[in-house]
Peer 1: 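Below: one structure in structure tokens.
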Amino acid sequence: MLRSPNGLLEFTALDRDVFRVRATSKKRFSNNPSFAVVESEWTGRDARVVSLKKSIQLRSDVSGLVVRLEDGKIQLGNDSGGAISIDKIGFTGKAPRLELRLEEDEHIFGLGETTGAFNKRGLIRTFWNTDVLGHSPAIHPGMGSLYLSIPFAITLRDGVAAGLFWDNPARQRWDMGSTDFDLWKLAADSGEIDLYLFLGPTVENVVNNFGRLTGRTPLPPQWALGYHQCRYSYRSGAEVEAVARTMRKKKIPCDAIYLDIHHMDGCRVFTFGKAFPRPAELVSRLARKGFKSVAIVDPGVKNDPKFGVQKRGIKAGVFVKEPTGKRDFVGVVWPGKSRFPDFLNADARQWWAKEQGALSRKGIAGFWNDMNEPANFARPDKTLDPRARHRTGHGVRSHVEVHNVYGSLMAQASRDGALKANPNQRPFIITRAGYAGVQRDAMVWTGDNSSTWQHFEDSIQMLLNLSVSGVPFCGCDVGGFLDNCTSELFVRWMQCGAFTPFFRSHTNIGTVRQEPWSFGPEAEEIVRHYIEMRSRLQPYLYSLFAEAARCSAPVMRPLFWHHADDLQAVDTGDQFLLGRDLMIAPILKQGGTARSVYLPEGTWYDYWGGGLVEGRQHVLAHAPLQFVPLFVRAGAVIPFRDLQQFAGEKPMDEVTLNHWVGGMGSFEFYDDDGQSNEFENGCCAKRTILASGSRDVGKLRVSNQTGTYESPTKTWRVVFHGLPQHPRVKLDGRSIRCLSDPGTGLPSCEIKHPAGAFELAWD
Ligand code: GLC
């Protein structure tokens with residue numbers, strides 16, 4: 001710790017590659033707890049302090065933080081160079097400020113959810129959760145804030161990654177080389193400087209450490225990964241059931257239907273209105289058909305003296321107070337005049353969790369937390385009075401200091417409520433607003449986009465940047481929320497959405513319908529195909545979610561996740577990888593039937609045509625409306641299952657391991673019962689799959705199962721892509737027959753009841 005008349009500066013080595021820098025202009029650091037950080041006990045205690053004439057250094061075995069005494073500059077790096085250089089750190093009045101030096105070719109990614117370019121270098125963004133209708137950059141080119149604030153960034157320079165997180169939920173403004181190309185200026189309205197600095201050198205390591213610091217996304221229930229159908233609003237129980245019936249009649253897989261605000265009695269939270277009579281029966285009829293019901297939950301509690309939630313809330317004293325502290329703060333949201341639960345207060349969260357039980361008791365399986373920036377129509381700044389009072393466990397704090405965490409803490413209450421009601425069911429919480437760490441409690445969707453090509457394209461970079469900001473479970477309103485979608489846009493967006501972590505079509509009141517069949521038979525046919533593909537990809541997706549839960553690796557990955565040293569890959573923000581091996585390059589232009597696709601290092605198969613292309617080049621992919629350009633890396637092993645109309649419809653008797661031969665591949669296969677929390681006690685099935693070899697000779701090795709889940713899978717079918725029709729294949733050294741796969745006509749082998757490990761070799 002360094003003391004000066006201007007305040008305090010403290011450096012801590014949390015781990016060999018994670019450092020913390022704190023600064024305050026006061027005599028003491030505040031003892032306000034962090035809302036983001038969950039793991040504060042790190043193991044970096046073996047770091048040494050080295051005091052030299054011109055600097056003080058904090059060194060771990062691989063890296064060091066150097067404070068230069070002559071000018072106060074702070075440098076963090078390892079022996080091969082500096083990764084983060086803080087030129088200035090201090091306060092202007094109460095406002096903390098920082099200035100970091102940017103290198104010529106430095107890229108900036110992350111920042112949670114922001115509009116505009118993929119690489120944030122050159123932009124100014126403000127972290128201040130805001131309800132923004134139609135946030136496309138085409139509508140608001142300089143759009144600074146959105147619904148969610150994650151003041152975390154990854155910098156990439158010559159393939160070397162570093163990361164920075166400023167833990168401060170007040171308003172922050174980041175100028176990332178916009179006004180001054182070499183400088184990254186960060187400022188907050190209040191609070192302290194509390195920086196976490198991550199030394200990669202890989203992106204994976206930065207994000208893993210950020211996840212360790214702020215928490216992981218828990219494994220979702222399998223149904224959350226299916227196709228979800230939403231509209232603002234299905235106006236009655238009968239309409240919801242008609243949509244559900246049509247899904248099943250048309251055999252379009254679907255796992256969940258959403259009840260938007262019209263399901264409530266006059267927007268009274270946790271209630272059902274007259275158009276939804278006997279809601280428990282409705283929900284149970286839907287459940288019998290394999291649909292989960294997800295209800296919207298807005299924080300605003302209607303100001304109605306007869307309304308039970310309000311009455312109990314007032315009695316328990318759980319609402320945010322006016323600046324005077326005397327009365328409850330009242331704003332205006334969908335229900336009209338409303339009070340706001342004080343989610344910063346633990347008792348208020350518990351109260352809310354209990355109230356939410358009213359929905360759980362009716363069988364509602366998922367909770368859609370909306371308007372939780374919090375939105376307030378009654379003020380020009382669209383939120384609560386900055387001086388409104390929150391009663392936290394650590395004293396009263398004004399709204400302006402903690403604004404950005406309101407949504408996260410609502411999600412926490414919602415998750416607690418879901419668990420309280422059903423302790424052995426994995427909760428499904430979706431949120432619009434949040435702060436760093438929101439992923440512990442909810443998945444994030446990107447709010448009110450528009451049915452425009454521009455916004456479709458923008459959604460890719462938004463989801464990629466969210467994915468590397470600790471939030472692997474994310475998605476946008478597929479098809480677009482505002483405005484009328486067209487048939488072509490719908491098809492193209494659904495083709496892409498099928499490969500994003502969260503796959504839900506949603507649209508605004510008054511717009512044309514956006515169910516899979518809404519745009520005629522041709523569009524329906526294509527869309528069904530991709531929804532079906534999503535259903536068959538479930539074991540792949542689910543295994544990726546298990547990986548995300550373990551180490552925060554995104555499900556939907558920017559190319560730089562695996563190819564950070566390839567500048568072209570780093571700059572590509574209109575394609576993405578699902579896991580390591582599946583490349584999706586959506587058609588993002590009206591009338592487009594071809595596009596240029598960048599394939600990074602490796603050999604790539606065209607998923608549709610089977611042709612092989614060498615990586616590190618752009619290729620032209622042809623894609624008439626039925627096709628989205630898809631490429632698979634040689635060496636990939638991608639498990640598929642048979643089609644289901646909803647998760648849990650059929651046991652996974654058989655897993656098809658699709659293997660594209662000709663490279664090294666590895667995959668961690670994960671399975672469990674898909675819904676309970678028994679996996680936490682080891683009730684799961686994990687297998688490591690390794691592939692190697694060339695296109696002529698190769699091997700695929702599947703390890704023993706670890707975990708105690710009694711898997712229903714009796715058959716593993718291995719389908720070879722890229723081999724001649726009749727390859728010679730040996731199973732554990734003995735020749736076996738290779739048949740033609742009924743689905744694809746490709747050579748395939750069946751392995752029945754593989755109790756333990758097995759190895760397939762071919763030549
Ligand atoms: C907000 C949400 C949107 C929802 C609407 C009505 O605009 O972002 O998804 O449909 O409110 O509840």
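In each ligand, atom 1 is the first atom listed, and ligand 1 is the first ligand listed. The figures here come from the full heavy-atom set of this structure, side chains too, leaving out hydrogens, waters and symmetry mates.
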Peer 1: Indicate the ring-plane relationship of His403 and Trp128, choosing parallel, tilted or perpendicular according to the 30° and 60° boundaries.
Peer 2: parallel
Peer 1: Hey, are the side chains of His228 and Trp223 touching, using non-hydrogen atoms and a 4.5 Å cut-off?
Peer 2: yes
Peer 1: Counting only heavy atoms closer than 4.0 Å, does ligand 1 sit against the backbone of Ile509, its side chain, both, or neither?
Peer 2: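 Looking at Ile509 and ligand 1, no heavy atom falls under 4.0 Å.
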Peer 1: Which of the atoms in ligand 1, numbered in the order shown and given with their element, are less than 4.0 Å from a heavy-atom of His506?
Peer 2: 3 (C), 4 (C), 9 (O), 10 (O)
Peer 1: Tell me which one of Tyr227, Tyr234, Trp445, Trp368 satisfies ring-ring contact (aromatic ring centres under 6.0 Å, His included) with His506.
Peer 2: Trp368
Peer 1: I need the nearest protein heavy-atom contact for atom 1 (C) of ligand 1: residue, atom name and distance, please.
Peer 2: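 I find the closest protein heavy atom is Asp370 OD2, 3.1 Å.
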Peer 1: For ligand 1, which atoms have a heavy atom of Asp448 less than 4.0 angstrom away?
Peer 2: 1 (C), 2 (C), 3 (C), 7 (O), 8 (O), 9 (O)
Peer 1: So is Trp368 close enough to ligand 1, meaning a heavy atom under 4.0 angstrom away?
Peer 2: yes
Peer 1: Counting C-beta onward and ignoring hydrogens, is there a side-chain heavy-atom pair between Gln439 and Thr214 closer than 4.5 Å?
Peer 2: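 Sidechains of Thr214 and Gln439: in contact.
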Peer 1: Under a 4.0 angstrom heavy-atom cut-off, which atoms of ligand 1 come close to Phe481?
Peer 2: 3 (C), 9 (O), 10 (O)
Peer 1: Please state which part of Tyr258 comes within less than 4.0 Å of ligand 1, counting heavy atoms only: side chain, backbone, both or neither.
Peer 2: neither
Peer 1: Please list, in number order, the atoms of ligand 1 under 4.0 Å from a heavy atom of Ile296.
Peer 2: 12 (O)
Peer 1: Please list, in number order, the atoms of ligand 1 under 4.0 Å from a heavy atom of Asp260.
Peer 2: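 Here the atoms of ligand 1 in question are 4 (C), 6 (C), 10 (O), 12 (O).
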Peer 1: Please work out whether the ring planes of Trp351 and Phe319 are parallel, tilted or perpendicular, with thresholds of 30° and 60°.
Peer 2: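 Ring orientation, 0 to 90° scale: perpendicular.
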Peer 1: Classify the side-chain pair Asp370/Tyr147 by whether it contains a donor and acceptor separated by less than 3.5 Å.
Peer 2: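 No - no donor-acceptor pair under 3.5 Å links their side chains.
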Peer 1: Tell me yes or no: between the side chains of Ser360 and Asn422, is some donor less than 3.5 Å from an acceptor?
Peer 2: no
Peer 1: Which of the numbered atoms in ligand 1 are under 4.0 angstrom from any heavy atom belonging to Arg432?
Peer 2: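 Taking each heavy atom of Arg432 in turn, ligand 1 has 1 (C), 2 (C), 7 (O), 8 (O) under 4.0 Å.
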